[in-house]
Protein chains: 2
Amino acid sequence: MRVRLEDVARRAGVSPKTVSRVLNDEANVTDATRQRVTAAMEAMDYRPLSSARSLAGNRSFLVAMLYDNNDNPASTYLAEIQDGVLEACDTHRYNMMVRPLRMRGDDFVRRLDAVISDHHPDGIVLTPPITDYAPLLKRLRERHVPFASVSPMSRVDNIGVAMDEQLAARTMVEHLLSLGHRRIAHVSGIADHGASRWRLAGYREAMAGAGLVEDPKLVVQGAFTFASGVAAARQLFALKKRPTAVFAANDDMASGVMWAANERGLKVPQDVSVCGFDDIPLASQLWPALTTIRQPSREMGKVAALQLLEVLRGRGGGQLVQMPFSLEIRDSTARPS
Amino acid sequence: MRVRLEDVARRAGVSPKTVSRVLNDEANVTDATRQRVTAAMEAMDYRPLSSARSLAGNRSFLVAMLYDNNDNPASTYLAEIQDGVLEACDTHRYNMMVRPLRMRGDDFVRRLDAVISDHHPDGIVLTPPITDYAPLLKRLRERHVPFASVSPMSRVDNIGVAMDEQLAARTMVEHLLSLGHRRIAHVSGIADHGASRWRLAGYREAMAGAGLVEDPKLVVQGAFTFASGVAAARQLFALKKRPTAVFAANDDMASGVMWAANERGLKVPQDVSVCGFDDIPLASQLWPALTTIRQPSREMGKVAALQLLEVLRGRGGGQLVQMPFSLEIRDSTARPS
DNA sequence: GACACAATTGACAGCGCTGTCAATTCGCAG
DNA sequence: CTGCGAATTGACAGCGCTGTCAATTGTGTC
């Protein structure tokens, strides 16, 4: 009926244990044997039964991707990361599961425990903002569950993938400066998210670099949502000295800013330039198309997962890989008039 | 170390097999025994090891959600369905895996086979448009893998969830008619998708109902993407007798239509009304906010998965559940001027 | 060519659970 | 109170694989 490891062994003329070694890519098998076994596996279309492997070997071949569905419900950003993680897991024949983990409430560590106890993932991929919850990271380390992060705030003791968001934000603001803008506002994200901090820092760095003194009125707190972008922009546009450009910490808020501009009868980019961060699909579909920073989310998910898999497969420690970004200049930014 | 079924049995004073029966909710256990066992499980925080259960019981407790990442890359629609499926699986302690399955090429049946052989899902949730590939459904039936569909084209021999999309489309067009529109255009989706057919049929039904003869020029083929919406709208707006309203078969295309209107200097809704279908998050964020049909995607994913789980848990056949829709009238539709 | 040592291979038990089927207990008619 | 069928419970093997450790084969040295 089903082809078992034993059947492959018989065909290859070796013991089951040797087939197991080949299957798991272990050392101490001669090339000749390895090839014979591999050939037998292929000829018989052998598919190892993962439940048996898990039971006997005490590992699950499972990678869990954790995300916070509290702050970002069903975003394309996460969908893209998931896609990348899945691809990486596939290439190494690992399974992937996705787990929402609400960070609200103080029982998230308990819920993390439940996920680990119920599913026994061999490793975990963390996505923002749960890359930075100290109690959660602590628990993962206590339980010896390897993990990799996408865009973690801390660069030490972390493997996964990161992007120089501060430099990217600075580049964006320098683009505005080079167009001639001086009154540049910033709509920041949720305060304790790494993304917010870096993007704000990049904004400040660029402004300071141009010799401009920060006007506190021009930095408004948002929450990464469209609605918060609208609210922030209303506040900015009501100022006596209106900004000529607004840099929002993500594209959702930038669309909100554009919406508010429309509402107030301000033309983008003639009356006010607007730019964002992330390059979500919507960005290029807005009217006018949004100038933003392109972040290769899918690739980042893949790279983070690959670093985790390095560790799981005992190939070493894994790195925190730096990803490149690019400035996508579109139609929402122009010289001030 | 780890609490095993045997440990629970000892504590409850029964045999392991009896604990197993309770765990699997089997018949022929007295209430007294069942309660004693349940209490022991809780007291010991017993977590059954799914790999052992799978190996011994020859089932995986795994539900695979298949999607076609060819036609819809990383859409929020799928993310929402996934969320619902996950929730349903969680409540019955099933695992969920997501699998992209490109429908391009003719080897997708082979790739389906690989998924089944490699992961042994107990059941499968199908999402549009792969709810309707006959060879795929045939293979699933041959291999006796139960499946449930989200919005399948055929209502016979299918369990899962559906919505009366034709009625919804008709309702949308009737809304336009009631505003006084007569030259109403339709941008349809990919021809062989059920969604396209129903929405087009609903459009026709409403138009015929109003005694209008269809003008073939007013029905343009799109492909569910923003870009295809733009292209279709350019064609429509170039007509000598421009439509006063455009009903796009989904929101992505509707945004494209709005974009093209902008491009041509047409004001929405003053010069042309635009409406879509799906109510993606973007819809309410557009300027003006898009009139559309709200489809409860998350809930639909959940319901489809629950129907599948009914079958998997031997509770009966499962239904094809009808979901309600709602017409969301926003700012992109108005009386023709 | 013999020896020590390393590399390769295999025998066997057992991972934690469930299927099968036999043993026991229960409920009830007579 | 006995006997009989049905309901409940348990004994035991085994699912397909890997860990442990012993047996075997190969390699280099003097």
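Here is how names work: the chains are called A, B, and so on, in the same order as the sequence lines, proteins then strands, and each is numbered from 1. Excluded from the calculations below are hydrogen atoms, water molecules and symmetry mates; all remaining heavy atoms, backbone and side chain alike, are included.
- The separation between B:Glu26 atom CD and D:dT9 atom P is 12 Å, rounded to whole Å.
- With respect to the salt-bridge test (charged N to carboxylate O, under 4.0 angstrom), the residues B:Asp113 and B:Arg139 qualify.
- Phosphate contact (OP1/OP2 of D:dT18, side-chain N/O of A:Asn58, threshold under 4.0 Å): absent.
- The separation between B:Arg34 atom CZ and D:dT9 atom P is 9 Å, rounded to whole Å.
- Each of A:Val125, A:Thr127, A:Val303 was checked for a side-chain contact (heavy atoms from CB on, under 4.5 Å) with A:Val85, and the lone residue meeting it is A:Val125.
- Contact annotation: B:Ser51 does not reach the phosphate of C:dC17 (side-chain N/O to OP1 or OP2, under 4.0 Å).
- Computed from coordinates, the A:Arg93 CZ to D:dC17 P distance equals 13 Å when rounded to whole Å.
- Closest-nucleotide positions on DNA chain D for B:Thr18 and B:Gly57 were compared, and the one nearer the 5' end corresponds to B:Thr18.
- Between C:dA11 and A:Ser15, no contact under 4.0 Å exists linking OP1 or OP2 to a side-chain N or O.
- OP1 or OP2 of C:dC17 lies within a sub-4.0 Å distance of a side-chain N or O belonging to B:Tyr46.
- In the set D:dC17, C:dA7, D:dT20, the nucleotide with an atom closest to the side chain of A:Asn28 is C:dA7.
- Residue contacts for B:Leu55: at a heavy-atom cut-off of 4.0 Å it reaches a base atom on one of the strands shown.
- The neighbour count for A:Glu310 CD, taken as heavy atoms of other residues, nucleotides or ligands under 6.0 Å away, is above 12.
- Look at CZ on B:Arg36: it is 14 Å from P on D:dT8, rounded to the nearest Å.
- Between the C1' atom of C:dA11 and the CD atom of A:Glu6 lies a distance of 13 Å, rounded to the nearest Å.
- The nearest whole Å value for the distance from the CG atom in A:Asp118 to the P atom in C:dG16 is 16 Å.
- C:dG16 atom C1' lies 11 Å from atom CG of B:Leu23, rounded to whole Å.
- Salt-bridge formation is not detected for the pair B:Arg11/B:Asp7: no Lys NZ or Arg NE/NH1/NH2 atom is positioned less than 4.0 Å from an Asp or Glu carboxylate oxygen.
- Side-chain N/O atoms of A:Arg21 and base N/O atoms of C:dG10 include a donor-acceptor pair closer than 3.5 Å.
- Counting only heavy atoms from C-beta on, A:Arg4 has its side chain closest to D:dC17 among D:dC17, C:dT8, D:dT9.
- Going from atom CG of A:Leu5 over to atom C1' of C:dC15 covers 16 Å, rounded to whole Å.
- Nearest nucleotide to the B:Lys17 side chain, out of D:dT18, C:dG19, D:dT9: C:dG19.
- A salt bridge links A:Arg34 with A:Asp25; the closest basic N to acidic carboxylate O contact falls under 4.0 Å.
- Listed nucleotides: D:dT8, C:dT9, D:dT20. Nearest to the side chain of B:Thr30: D:dT8.
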